[in-house]
Amino acid sequence: MSYRIVLIPGDGIGPEIVAGAVEVLEAVGAKFGHDFQFDTVLAGGCAIDAYGVPLPEDTLQKCLQSDSVLLGAVGGPKWDTLPGHLRPERALLGIRKALGLFANLRPAKLQKELAAASPLRADIAARGVDMLIVRELTGGMYFGPRGRGEGELGENAYDTEIYSVGEITRIGRVAFDTARKRGGKVCSIDKANVLESSRLWRETMHRLAAEYPDVTYCDMLVDNAAMQLIQNPAQFDVIVTSNLFGDILSDEASQLTGSIGLLASASLGEGTRGMYEPIHGSAPDIAGLGIANPIATILSAAMMLNLSFGLTAEAKAVEDAVAAVLAGGARTKDIAAGGDFIAGAEMTARIIAAL
Ligand code: IPM
Ligand code: MN
């Protein structure tokens, strides 16, 4: 089969880590007889430099015509003072919205060999971490009405959290359907003791939960969830939450696994086309040093193989190769816990060798 993949390397370490994932995809293509066609486009800070806008129309059109998109990272200090609509991050939000990618899947799993890199206490780490955060991605505060005004205490600014029953239901279904294929548990995280939008979220999730009697359901307030993730992460299977809470909690969950450099993500809509990206950012402080960990991007490519192309054996081969290389002791700097480490390109080469 032939697949058209749009590559958005972006800024900072983006180009290095996307290059690693492309090498792995090419190795998968050679091994399993698939033809992956890559088209590289600009978005984020590099697009601002080249065209004056974070998301050029040509980039968006190519994404819309692709079978899937693989993104590195966007942003950096160079563009931090630009007005909101011109910031590199707008590119991500624009692609998610235009492609209708409302469901963001962020798995966080602690591999036992990496327990030393995790900040968890040994007895807590030993009970395991294996969760999937399902983050709503095209609604809530990130997309609600916003603005600035003038009040008694001076200039003010506001953002609005709005969720409809339709939006909550469709993300809820993704969580419940996925839980059936995993540990059979869904925990919905909200702030229903304060926010009206969370009360609607909770009511809607309860209605859905009744349709999935085989899935164990619970609600949790977001402040408690932030604590439970550290204290007892083994209790979680699938977490479903809003755009804002999911952004924050997925960074927290990533740390439990040892490094944010290990965590992949998939953003999906109604069809099979998705956008796949590591959950970490552009890490401008280490860009170009060759030490960035390519694993999160390589595992994102594996998620693409599985979720967008239905190539489950190929995806598993990549995941197994990554696990084998880590189990064999290879470490990039972020997961070396102060010990010896190898370059990002060397990590990619070892994963390909294990494949
Ligand atoms: C992420 C990022 C983005 C987000 C930013 C860069 C807009 O933090 O993918 O988690 O908040 O969604
Ligand atoms: Mn984030």
Side-chain angles (χ1 to χ4, degrees), residues 8-14 17-18 21 42-48 53-55 59-60 63 69-108 131-144 146 159-161 163 167 171 189 222 225-226 229 239-257 259-269 274-285 287 292 296-297 299-301 303-304:
I8 306 183
D11 310 313
I13 60 170
I17 55 178
V18 166
L42 296 184
C46 55
I48 296 173
V53 290
L55 181 57
T59 294
L60 190 55
C63 291
V69 180
L70 182 67
L71 183 138
V74 297
K78 183 173 172 194
W79 308 282
D80 271 351
T81 52
L82 291 170
H85 69 286
L86 280 181
R87 289 181 58 113
E89 290 80 2
R90 294 299 303 176
L92 269 185
L93 302 176
I95 296 172
R96 290 170 181 170
K97 196 71 172 179
L99 271 61
L101 307 175
F102 64 85
N104 184 215
L105 311 184
R106 300 187 160 187
M131 68 184 85
L132 174 74
I133 298 186
V134 177
R135 170 189 177 195
E136 199 292 324
L137 204 60
T138 51
M141 188 124 39
Y142 282 43
F143 292 94
R146 67 190 60 198
D159 302 275
T160 320
E161 178 90 347
Y163 270 116
E167 285 172 299
I171 194 68
I189 294 175
V222 65
L229 276 171
I239 284 175
V240 62
T241 191
S242 65
N243 204 342
L244 178 64
F245 295 160
D247 185 29
I248 298 165
L249 295 176
S250 59
D251 270 34
E252 186 185 354
S254 77
Q255 285 308 290
L256 307 178
T257 70
S259 170
I260 197 168
L262 297 172
L263 289 218
S265 82
S267 302
L268 296 165
M275 177 157 71
Y276 296 82
E277 52 179 310
I279 86 156
H280 61 69
S282 60
D285 52 322
T297 316
L299 291 176
S300 298
M303 288 185 90
M304 177 190 289

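We count ligands from 1, going down the list as the structure has it; atoms in each ligand are counted the same way. What you are looking at is a predicted structure, and each value in this text was computed from that prediction instead of being measured.
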Heavy atoms only, cut-off 4.0 Å: how does Arg90 contact ligand 1, side chain, backbone, both, or neither? neither

Quick check for you: to the nearest 0.5 Å, what is the distance between Leu92 atom CG and Leu137 atom CG? 9.0 Å

Is any side-chain heavy atom of Met131 less than 4.5 Å from a side-chain heavy atom of Leu256? yes

Using heavy-atom distances, let me know which of Glu89, Glu277, Arg96 sits nearest atom 12 (O) of ligand 1. Arg96

About how many Å separate CD1 of Ile8 and CD1 of Ile95, when rounded to the nearest 0.5 Å? 3.5 Å

Side chain to side chain, Glu136 and Phe102, heavy atoms closer than 4.5 Å: yes

Where on Arg135 is there a heavy atom closer than 4.0 Å to ligand 1, on the side chain, on the backbone, on both, or on neither? side chain

Hey, could you give me the CD/CE distance between Glu277 and Met303, rounded to the nearest 0.5 Å? 11.0 Å

Stepwise side-chain contact (heavy atoms from CB on, under 4.5 Å) test for Phe143 and Leu93: CA-CA 9 Å; Phe143 292 94; Leu93 302 176; 4.0 Å; yes

Measure His280 to ligand 1 on non-hydrogen atoms and call it side chain, backbone, both or neither using the 4.0 Å cut-off. neither

Just the protein N/O/S atoms under 2.8 Å from the Mn ion (ligand 2), please, no waters. Asp247 OD1

Roughly how far apart are Arg96 CZ and Asn243 CG, rounded to 0.5 Å? 7.0 Å

Using a 4.0 Å cutoff against the non-hydrogen atoms of Tyr142, which atoms of ligand 1 qualify? 4 (C), 11 (O), 12 (O)

Just how far is it from atom CG of Asp80 to atom CZ of Arg87, taken to the nearest 0.5 Å? 5.0 Å

Is there a side-chain contact (heavy atoms from CB on, under 4.5 Å) between Tyr276 and Leu268? Walk through the geometry before answering. CA-CA 9 Å; Tyr276 296 82; Leu268 296 165; 3.4 Å; yes

Between ligand 1 and Arg106, can you find any atom pair, the residue atom being a heavy atom, that is separated by under 4.0 Å? yes

To check your reading of the model: name the closest protein heavy atom to atom 8 (O) of ligand 1, its residue, and the distance in Å. Asp247 OD1, 3.4 Å

